[in-house]
2 protein chains.
Amino acid sequence: MKLTRTILKLECTHGSTETKLLNNMMLVPLRANKTGSVVSASSSSLSGADGAKTQCFICADRATGKHYGAPSCDGCKGFFRRSIRNNHTYSCRFDRQCIVDKDKRNQCRYCRLRKCFKAGMRKEAVQNERDCINSQRAKEQTVGTLSISVLLQAETTVQQFPALLSPRSHDITTKKTAGVGEVFESMKQQLLLLVEWAKHIPEFCSLPIDDRVTLLRTHSAEHLILGVARRSLPYNNVILLGNDFVIPPRGAEVEISRVAFRIQEELVKPLRELVITDKEFACLRTIVFFAPDCSGLKSPQVVRHLRFQAHLLLEEATCEQRGRFGELLLILPPLQSVAWQMVETLHLAQLLGEAKMDSLLQEMLLGEGTETGQGVCTGNDPTQDQQNDLNASPATFPSVICHASMAPTSGFLAAHIDWH
Amino acid sequence: MKLTRTILKLECTHGSTETKLLNNMMLVPLRANKTGSVVSASSSSLSGADGAKTQCFICADRATGKHYGAPSCDGCKGFFRRSIRNNHTYSCRFDRQCIVDKDKRNQCRYCRLRKCFKAGMRKEAVQNERDCINSQRAKEQTVGTLSISVLLQAETTVQQFPALLSPRSHDITTKKTAGVGEVFESMKQQLLLLVEWAKHIPEFCSLPIDDRVTLLRTHSAEHLILGVARRSLPYNNVILLGNDFVIPPRGAEVEISRVAFRIQEELVKPLRELVITDKEFACLRTIVFFAPDCSGLKSPQVVRHLRFQAHLLLEEATCEQRGRFGELLLILPPLQSVAWQMVETLHLAQLLGEAKMDSLLQEMLLGEGTETGQGVCTGNDPTQDQQNDLNASPATFPSVICHASMAPTSGFLAAHIDWH
DNA sequence: CTGGACGGGTCAAAGGTCTA
DNA sequence: CTAGACCTTTGACCCGTCCA
């Protein structure tokens with residue numbers, strides 16, 4: 001940006017003489033910037049008629065306009081500002097009658113400053129220090145250790161993967177309706193991408209393996225829903241899967257349609273209304289991911305802190321636009337709700353033998369393929385021993401709860417994470 | 001350093017009258033408010049009527065009207081437009097907590113822009129360059145009618161009721177452990193109080209009756225949990241019910257203990273750590289209450305707006321403490337989760353004939369005693385007809401979902417609300 | 001039809017940057 | 001560190017359109 005401007009400016013400077021002429025002829029006051037093509041040292045040659053106004057009242061150098069109340073050159077302008085800002089006190093080594101002109105103006109600061117005042121400069125016109133213009137300090141927006149750029153990069157990875165697999169047409173009407181098989185296929189794809197996503201977060205990688213598995217599993221359903229909701233933002237009433245199949249408002253299987261409808265109503269619509277940005281979405285995913293509750297985590301405090309950082313980043317990303325941050329966070333309860341309904345549906349389908357699920361899906365979404373259930377939520381549950389008898393009967397006890405009750409150690413998932 | 005400079009400068013501001021003279025004599029144009037020592041010439045227009053309303057919401061300078069959604073001065077107006085137009089990204093050199101007032105507004109552009117958003121400016125109101133002649137008058141989002149004082153008053157009612165019934169001793173150890181009967185008794189008490197609470201909110205009372213019933217029922221479980229968590233804040237590992245019974249960490253029935261444990265871990269502990277205030281709690285309850293999702297509401301937009309107002313109030317109540325607002329909102333997902341687990345537990349107990357529940361409890365918590373289930377979430381569900389076949393079999397389909405699927409019209413609850 | 005509100009634009013004069 | 005040439009940002013002021 002800045003570079004571009006500079007280049008433009010350099011390219012345009014040939015026109016400055018012409019402009020200068022125009023300025024002089026039409027008495028256009030100093031212009032300068034906007035396009036950068038006009039050089040500010042314009043009204044110089046107009047010494048004859050209006051010479052007084054274009055001369056520096058302090059040193060008789062060419063003035064660049066009025067500054068702090070007196071027509072003055074850039075040198076005296078800067079000198080006055082620095083003197084006032086830094087509250088300098090000078091003293092004259094001679095007689096306080098030094099000549100201040102273009103050549104000798106730097107020989108006595110005391111007399112120069114005095115002449116500034118005499119010429120009409122007012123210290124009140126000097127303002128407080130401002131913000132740095134050069135914002136490209138590359139002041140990496142980092143909260144604690146999580147940085148927005150890492151999250152954005154992770155996000156791109158997740159987003160671009162499927163695009164590489166299948167070049168999409170943007171016409172939603174030509175896409176095929178997903179059956180159960182395609183839904184499962186897409187889910188599996190997305191879950192693998194979730195693992196890839198997580199690997200992009202260094203803070204995740206330095207967690208103990210059990211916690212990594214736990215995090216990946218605990219909210220995998222929410223990630224699927226969140227991802228599909230986002231992918232479907234541009235489309236009306238149609239859910240677009242990662243493998244380019246769609247779920248239309250009607251015509252899909254009942255259970256699928258029900259979940260799809262809720263995704264539309266409770267997630268896509270609000271998100272669309274908010275016009276969620278990439279940054280915001282990246283933060284939201286991270287907040288969902290680092291949920292410290294209910295997962296039997298070994299280091300819940302670390303996870304809690306990561307979520308805290310992520311939510312500060314989200315806050316930042318929303319620029320505190322009135323109410324926006326809250327609206328985004330309030331997406332999470334319905335997200336959780338829809339995700340659970342999806343898991344319930346899957347579980348039921350599984351129980352009724354209606355669908356054959358991949359082992360990855362079973363492990364991540366249903367929490368199966370693990371050792372026997374081991375208590376809820378946190379590792380140090382004092383009532384844990386009492387609970388096993390209930391958890392041991394998943395057929396009668398709702399799977400929502402069983403799902404959150406599994407011990408983390410497992411094969412497939414752990415193997416997928418481990419080689420990182 | 002910076003502070004020193006400012007202080008030093010303030011010390012130097014004598015001689016303003018002299019300056020004014022100078023201004024007049026030298027025909028320096030009145031530039032007004034920078035230093036405040038020069039009176040603006042144009043103060044004629046709107047100054048008389050409302051001194052308070054003509055203040056810039058961002059920097060407290062004199063406002064020139066509403067710009068981009070917020071009463072603001074010309075400076076903040078221009079700043080916002082430039083920032084949006086040029087897609088500027090600022091960063092704060094400090095802690096993102098810079099003071100933005102008339103004097104210091106130029107010292108941190110990040111914090112100034114942030115405050116613009118916070119004051120209600122919307123980037124959509126900035127038009128694209130100079131082409132869109134369309135007069136999409138940005139409709140005013142009036143920051144609504146909900147007031148914190150009303151919420152606080154409603155809260156006191158709910159809190160004080162049980163205190164009147166039983167003068168408490170503060171010694172937690174002398175209280176009796178609750179059995180299933182006492183838990184149910186307390187629940188019923190609290191649910192009736194919830195109705196009372198809601199009646200204190202005028203905006204609730206002017207909703208259609210069906211929506212009132214729906215709101216009361218949909219999140220009744222969350223209200224119970226939220227209330228009990230708050231009541232238990234002072235105690236360690238003990239849950240205090242509204243009827244003065246307790247649920248100790250051990251020794252209660254298994255199902256009760258499990259929920260109690262999660263309440264402790266996921267709600268009481270975080271809330272205690274935050275030291276939640278009365279205002280914040282009142283707002284949180286209201287946010288939970290006015291959940292626009294998943295309830296078959298007739299006027300979801302009104303409810304959504306009420307929740308929006310409540311969350312703005314919460315934001316205000318947190319006094320901008322870094323991250324506090326987010327932490328409070330992130331209480332909601334675990335609250336929902338625990339509430340559902342409780343409902344599941346109740347449902348199971350009901351199915352197994354282990355507990356005889358009051359009809360109010362059944363209606364509000366389990367969603368029973370109503371007409372047949374009528375589809376999920378929203379009234380205009382296109383797949384609604386397809387869904388009934390699944391919802392009609394609550395015995396096999398998890399009750400979590402059934403619970404959220406009930407139609408609002410019912411007897412007991414409606415009767416309780418109606419005479420208001 | 002008129003005046004206030006609120007979009008847009010302008011540009012003098014603030015500010016900051018950066019090399020010598 | 002200061003000087004000063006050079007570039008950006010600020011905000012007071014003005015214009016045009018819409019609508020009550």
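Both backbone and side-chain heavy atoms feed into the values below; hydrogens, waters and symmetry mates do not. In this text, all values refer to a predicted model and were calculated from it rather than measured experimentally. Naming convention: chains lettered A, B, ... in sequence-line order (proteins, then strands); numbering from 1 in each chain.
- Considering only residues two or more places apart in sequence or on other chains, A/R324 meets the side chain to side chain donor-acceptor pair (under 3.5 Å) condition with A/E280.
- A tilted orientation is assigned to the rings of B/Y68 and B/F80, their planes being inclined by 30° to 60°.
- Rounded to a whole Å, the CD atom of B/Q107 is 12 Å from the C1' atom of C/dG15.
- For B/K66, counting side-chain heavy atoms from C-beta on, the closest listed nucleotide (C/dG7, C/dC6, C/dT17) is C/dC6.
- One interatomic measurement links the two molecules: CG of A/D61 to C1' of D/dA5, which rounds to 11 Å at whole-angstrom precision.
- Taking the six-membered ring where the residue is Trp, B/F308 and B/H311 present perpendicular rings, their angle passing 60° and hence far from 30°.
- Spacing between atom CG of B/D103 and atom C1' of C/dG15 amounts to 16 Å, rounded to whole angstrom units.
- Separating the CZ atom of A/R85 from the P atom of C/dA14 is a distance of 12 Å, rounded to the nearest angstrom.
- Separating the CD atom of B/E124 from the P atom of C/dG7 is a distance of 12 Å, rounded to the nearest angstrom.
- Rounded to an integer number of Å, the gap from A/I84 CD1 to C/dG16 C1' is 18 Å.
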Please enumerate all protein N or O atoms sitting under 3.5 Å from an N or O of nucleotides 1-4 of chain D, with distances to 0.1 Å.
| unit_1 | atom_1 | unit_2 | atom_2 | d |
| --- | --- | --- | --- | --- |
| D/dT2 | O3' | A/R109 | NH2 | 3.2 |
| D/dA3 | OP1 | A/R109 | NE | 3.4 |
| D/dA3 | OP2 | A/R82 | NE | 3.1 |
| D/dA3 | OP2 | A/R82 | NH2 | 3.2 |
| D/dA3 | O3' | A/N106 | ND2 | 2.9 |
| D/dG4 | OP1 | A/R105 | NE | 2.8 |
| D/dG4 | OP1 | A/R105 | NH2 | 3.1 |
| D/dG4 | OP1 | A/N106 | ND2 | 2.8 |
| D/dG4 | OP2 | A/R112 | NH1 | 2.9 |
| D/dG4 | OP2 | A/R112 | NH2 | 2.9 |
| D/dG4 | N7 | A/R82 | NH1 | 3.1 |

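- Side-chain atoms of B/F79 and B/R109, non-hydrogen and from C-beta on, do get closer than 4.5 Å to each other.
- Seen from the ring of A/F281, A/R230 counts as a face-on cation partner, given the 6.0 Å and 45° thresholds.
- The distance from atom CD1 of B/I58 to atom P of D/dG11 is 12 Å, rounded to the nearest whole Å.
- Map B/H67 and A/K77 each onto its nearest nucleotide of DNA chain C; the residue landing nearer the 5' end is B/H67.
- In terms of the side chain to side chain donor-acceptor pair (under 3.5 Å) criterion, A/D103 has no residue partners (sequence neighbours excluded).
- Rounded to an integer number of Å, the gap from A/K123 NZ to C/dA14 P is 16 Å.
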